[in-house]
Amino acid sequence: MELAGRELRLSIFVDESDHWHHKPLYVEIVHRAHKAGLAGATVIRGIEGYGATSRIHTTHPLRLNDDLPLLIVVVDTEERIRSFLPRLDDLGIEGLVALDEVEVVRYTAATRRHRRRG
Amino acid sequence: MELAGHACRLSVFVGEDDVWHHRPLHHEIVRRARDADLAGATVLRGCEGYGAGSIIHTSRLLDMSEDLPVVVIIVDAAEKIRAFLPELDELVGEGMVTIEDVEVVRYAGRARR
C-alpha cells in the first residue's frame with residue numbers, strides 16, 4: 001500500500017475499561033480499522049488522565065487500575081480516514097476523537113520471510 | 001462541555017521522575033489542566049527517549065530505565081490552550097512543549113456513575 005506525503009492522523013482517546021458488546025472497545029476499533037483496510041493502528045496505554053467526567057484516573061500502587069486511558073492512533077489518506085469515521089458511530093465512543101495532518105516520511109512493511117500456503 | 005471543530009493539541013514532554021514540590025510533575029500538569037477547566041489530559045509513558053540532557057533513557061537496560069519520558073497531551077480550544085501556557089512556564093524547567101492544530105470529530109463523556 002502506498003502511503004506518503006500529507007496524510008491524516010486519527011487519534012481516539014478512550015478508557016481501557018470501555019466495552020462494546022462485552023468486548024474491549026479498543027479491540028473493536030482496531031478490528032474495524034483493519035477490516036476497513038486502513039494502513040495501521042497503534043494502541044498506547046496512558047498512565048494518567050481525565051476526560052469529560054473530570055475525574056483524574058491515575059495509577060495507584062494499591063489499587064487495580066482498570067480504567068486507565070488508551071490512545072488509538074491510525075494514519076491514512078484523508079479520504080479513507082473520513083470515510084471510516086461513520087463506521088465508528090454505533091460504538092458510542094465516550095472520549096475524544098480528533099484529526100490532524102501529518103507528513104508521512106516512510107511507511108513500509110517487512111518482506112515476508114516465509115510464504116503462507118493457500 | 002462543548003468541544004468540536006478546530007482545536008489545539010498541547011504536548012508536554014518531560015521526565016517521569018521530574019517533580020514539582022515533591023510530587024510527580026506530570027500529575028501536577030494534569031491537576032492544573034483540570035483546574036483550568038481544560039477538556040481533558042492524558043499522560044503516556046515512553047519506553048525510550050532523550051531530551052536536552054542528551055542521555056538516552058531506555059526501558060531495555062535496567063540501569064538506564066530511570067526517568068523515562070512521559071508526554072502529557074491536552075486538547076482544547078486554541079484560546080484556552082494559550083491561556084494555560086504561562087502555567088507551564090512555571091512548571092516545566094526541562095522538557096519540550098509543542099502545539100498543533102487538530103480537528104475534533106467527537107468529544108463526549110458519560111453520565112456520572
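Here the structure is a predicted model, which is why all the values come from computation and not from measurement.
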Closest approach of [X] and [Y], non-hydrogen atoms and distance?
| X | Y | value |
| --- | --- | --- |
| Tyr50(A) | Leu38(B) | OH-O, 2.8 Å |
| Arg106(B) | Ile93(A) | NE-O, 2.6 Å |
| Ile47(A) | Glu16(B) | CD1-OE2, 4.2 Å |

Going by heavy atoms in the side chains, are Pro24(B) and Glu48(A) under 4.5 Å from each other?
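No - every pair of side-chain heavy atoms lies 4.5 Å or more apart.
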
For the residue pair Ile44(A) and Arg45(B), establish whether any side-chain heavy-atom pair is separated by less than 4.5 Å.
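Heavy-atom side-chain distance check fails, nothing below 4.5 Å.
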
Heavy-atom distances under 4.5 Å only: say whether Ile73(B) touches chain A with side chain, backbone, both or neither.
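When you check distances to chain A, only side chain atoms of Ile73(B) fall under 4.5 Å.
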
Between Ala7(B) and chain A, which part of the residue has a heavy atom less than 4.5 Å away: side chain, backbone, both or neither?
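Looking at Ala7(B), nothing touches chain A.
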
Rounded to the nearest 0.5 Å, what's the gap from [atom1] on [X] to [atom2] on [Y]? Could you check?
| X | Y | atom1 | atom2 | result |
| --- | --- | --- | --- | --- |
| Thr42(B) | Leu68(A) | OG1 | CG | 10.5 Å |
| His26(B) | Thr58(A) | NE2 | OG1 | 7.0 Å |
| Leu96(A) | Asp76(B) | CG | CG | 9.5 Å |

Check the hydrophobic clustering (I, L, V, M, F, W, Y; side-chain heavy atoms under 4.5 Å; chains of links allowed) and say if Val19(B) and Val70(B) are grouped together.
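Not linked; separate clusters.
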
Cluster link Leu68(B) to Tyr50(B), ILVMFWY, side chain under 4.5 Å:
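Per the 4.5 Å side-chain linkage, Leu68(B) and Tyr50(B) are not co-clustered.
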
Taking Ile12(A), Asp100(A), Val97(A) one by one, which has the highest count of heavy-atom pairs under 4.5 Å against chain B?
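Going by pairs under 4.5 Å, I would pick Val97(A).
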
Top residue by heavy-atom pair count (under 4.5 Å) with chain B, among Leu70(A), Leu71(A), Leu85(A), Ile56(A)?
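The option with the most such pairs is Ile56(A).
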
Just to be sure I understand the criterion: a residue of residues 94-105 of chain B counts if one of its heavy atoms is under 4.5 Å from a heavy atom of chain A. Which ones qualify?
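Glu100(B), Asp101(B), Val102(B), Glu103(B), Val104(B), Val105(B), listed by number.
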
Mark yes when over 12 heavy atoms from residues, nucleotides or ligands other than His19(A) sit less than 6.0 Å from its NE2; otherwise mark no.
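Atom NE2 in His19(A) is packed in, count exceeds 12.
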
Counting heavy atoms not belonging to Arg45(A), are there more than 12 under 6.0 Å from its CZ?
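12 or below, so no.
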
